[in-house]
Protein chains: 2
Amino acid sequence: MAIHKRAEFTAAEQRLAAIAKALGHPARVAIVRLLAQRQACVCGELVLELPLSQSTVSQHLKELKAAGLVQGEVDGPRVCYCLDAAGWTVARQLLGDLLAEVPVVALAPTAAPSCC
Amino acid sequence: MAIHKRAEFTAAEQRLAAIAKALGHPARVAIVRLLAQRQACVCGELVLELPLSQSTVSQHLKELKAAGLVQGEVDGPRVCYCLDAAGWTVARQLLGDLLAEVPVVALAPTAAPSCC
DNA sequence: TTTGCTTATCGTCGATTTACGATTATAAAG
DNA sequence: CTTTATAATCGTAAATCGACGATAAGCAAA
């Protein structure tokens, strides 16, 4: 992006957007799912599980960390990654808030709005 | 982005990522919220509500439409936008699935993983 | 048809993203 | 201290994003 006007939006909107952006790539969704399934942090095993190079996986992890969804801790020569509980609490909250605002029933019958 | 390896991931992962990506910008989150609040489609009023130019808002709407989260219908000289119920049902499902996979309780006590 | 209003698209710009290989830390072990 | 393994960073390239102004397209009324 460029020349963002982020300052003009709500803090919640920005936070939610940042979280959504972090999840806005299949590889990062996959990483999150892998970390969730293993119930614990994985290290370079992620690289083995993903069709991406080590450096690319490292970048994705960096973004997930920046979004507060993942934690990393050095453990000897390797690094352990876990889901960040605090970040996911926020994510759960903000996503829930948005979904609560969006009506479950169709505003229009799936086909045509024919509104206004 | 570039040189995506999207094909290597689950269809659900890709769909979720696409939805998340669409929500990965504060302006688009704001648009969704505006459409949800008004209980109906708004047109150029979105431009008035947002700190962005008309063309930029139009682009954001295009992306939300591409993600299946928004519908647009021509109504005379203007265009009415609504939230797309079908898309939001999918979004609700996929986000719910992911959140269900992520443990609610901390994998590590917020601070240190100390895992492996 | 011409005017006027609304929205989409085009063209452009700089910044960011995705991806990779190569290199550089970092830490345990020999 | 040197080796070995792992992960992060650097540098690069191509594609995309975000934003805007300007232009085109669509439709209704005059």
Side-chain angles (χ1 to χ4, degrees), chain A residues 1-9 13-14 17-18 20-31 35 41-67 70-82 113-116, chain B residues 1-9 13-14 17-18 20-31 35 41-67 70-82 113-116:
Chain A
M1 334 89 183
I3 320 174
H4 289 294
K5 291 203 168 179
R6 300 240 160 117
E8 316 275 4
F9 299 99
E13 285 169 348
Q14 295 185 51
K21 189 177 178 184
L23 295 175
H25 193 289
R28 294 194 286 267
V29 173
I31 288 174
L35 292 179
C41 25
V42 194
C43 326
E45 296 154 81
L46 290 170
V47 177
L48 299 177
E49 304 273 8
L50 298 169
L52 297 169
S53 73
Q54 180 264 319
S55 58
T56 303
V57 172
S58 189
Q59 275 193 14
H60 283 306
L61 284 168
K62 189 178 177 183
E63 286 184 60
L64 285 169
K65 234 184 339 183
V70 153
Q71 272 180 332
E73 170 128 321
V74 177
D75 171 47
R78 70 204 78 219
V79 177
C80 284
Y81 284 100
C82 316
S114 73
C115 37
C116 298
Chain B
M1 333 91 188
I3 320 172
H4 288 294
K5 291 203 168 177
R6 300 245 161 113
E8 317 274 5
F9 300 98
E13 284 169 348
Q14 295 185 51
K21 188 177 179 183
L23 296 175
H25 192 288
R28 294 194 287 267
V29 173
I31 288 174
L35 292 179
C41 28
V42 193
C43 327
E45 296 155 80
L46 289 170
V47 177
L48 298 177
E49 304 272 8
L50 297 169
L52 297 170
S53 73
Q54 179 265 319
S55 58
T56 303
V57 172
S58 189
Q59 275 194 14
H60 283 306
L61 285 167
K62 189 178 178 183
E63 286 183 61
L64 286 169
K65 236 188 329 188
V70 153
Q71 273 180 332
E73 170 129 323
V74 177
D75 171 48
R78 71 204 77 222
V79 177
C80 284
Y81 284 99
C82 316
S114 72
C115 38
C116 297

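Basis for what follows: all heavy atoms, side chains included, without hydrogens, waters or symmetry-related copies. So that the names make sense, note that chain A is the first sequence line, chain B the second, and so on, each numbered from 1.
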Just how far, in rounded Å, is C1' of D:dA8 from NZ of A:K65? 9 Å
C:dT17, OP1 or OP2 - any side-chain N/O from B:K21 closer than 4.0 Å? no
Which whole-number value in Å describes the distance from B:Q71 CD to C:dT7 C1'? 18 Å
Interatomic distance, A:L52 CG vs C:dG21 C1' [rounded to whole Å]: 14 Å
In Å, rounded to the nearest 0.5 Å, how long is the span from CD of A:Q59 to CD of A:Q54? 10.5 Å
Specify the separation, in whole Å, of atom CD of A:E63 and atom C1' of C:dT18. 9 Å
Separation between CG of B:L35 and CG of B:L61, rounded to the nearest 0.5 Å: 7.5 Å
At less than 4.0 Å, is any side-chain N or O atom of B:H60 found next to OP1 or OP2 of D:dC17? Yes or no. no
Please work out whether the ring planes of A:H25 and A:H60 are parallel, tilted or perpendicular, with thresholds of 30° and 60°. tilted
Considering only heavy side-chain atoms of B:S55, the closest of D:dA8, C:dC20, C:dT9 is C:dT9
Rounded distance (Å) that lies between atom P of C:dT6 and atom CD of B:E45: 10 Å
What's the separation between atom OH in A:Y81 and atom CG in A:L46, rounded to the nearest 0.5 Å? 9.0 Å
Mapping A:A27 and A:P77 onto DNA chain C by nearest heavy atom, which one lands closer to the 5' end? A:A27
Could you tell me the separation between the NE2 atom of A:H25 and the C1' atom of D:dT16, rounded to a whole number of Å? 12 Å
Tell me the interatomic distance from B:E8, atom CD, to C:dA19, atom P, rounded to whole angstroms. 10 Å
If the cut-off is 4.0 Å, is B:T56 near the phosphate of D:dC20, judged by side-chain N/O to OP1 or OP2? yes
Any side-chain donor paired with an acceptor under 3.5 Å for B:S55 and B:S58? no
Whole angstrom value for the distance that separates C1' of C:dA8 from CG of B:L64: 16 Å
Selected nucleotide, minimal atom distance to A:Q54 side chain, candidates C:dT9, C:dC20, D:dA7: D:dA7
A:K62 side-chain proximity, nearest of C:dC20, C:dA8, D:dT9: D:dT9
Return the 5'-most residue of the pair A:L61, B:R28 with respect to DNA chain D, ranking by each residue's nearest nucleotide. A:L61
The side chain of A:S58 lies closest to which of these nucleotides: D:dT9, D:dG21, C:dT7? D:dT9
As a test of reading the structure: which of C:dC20, D:dA7, D:dC27 is closest to the side chain of A:R78, going by heavy atoms? D:dA7
Closest nucleotide among C:dA19, C:dA8, D:dA19 to the A:Q59 side chain: C:dA19
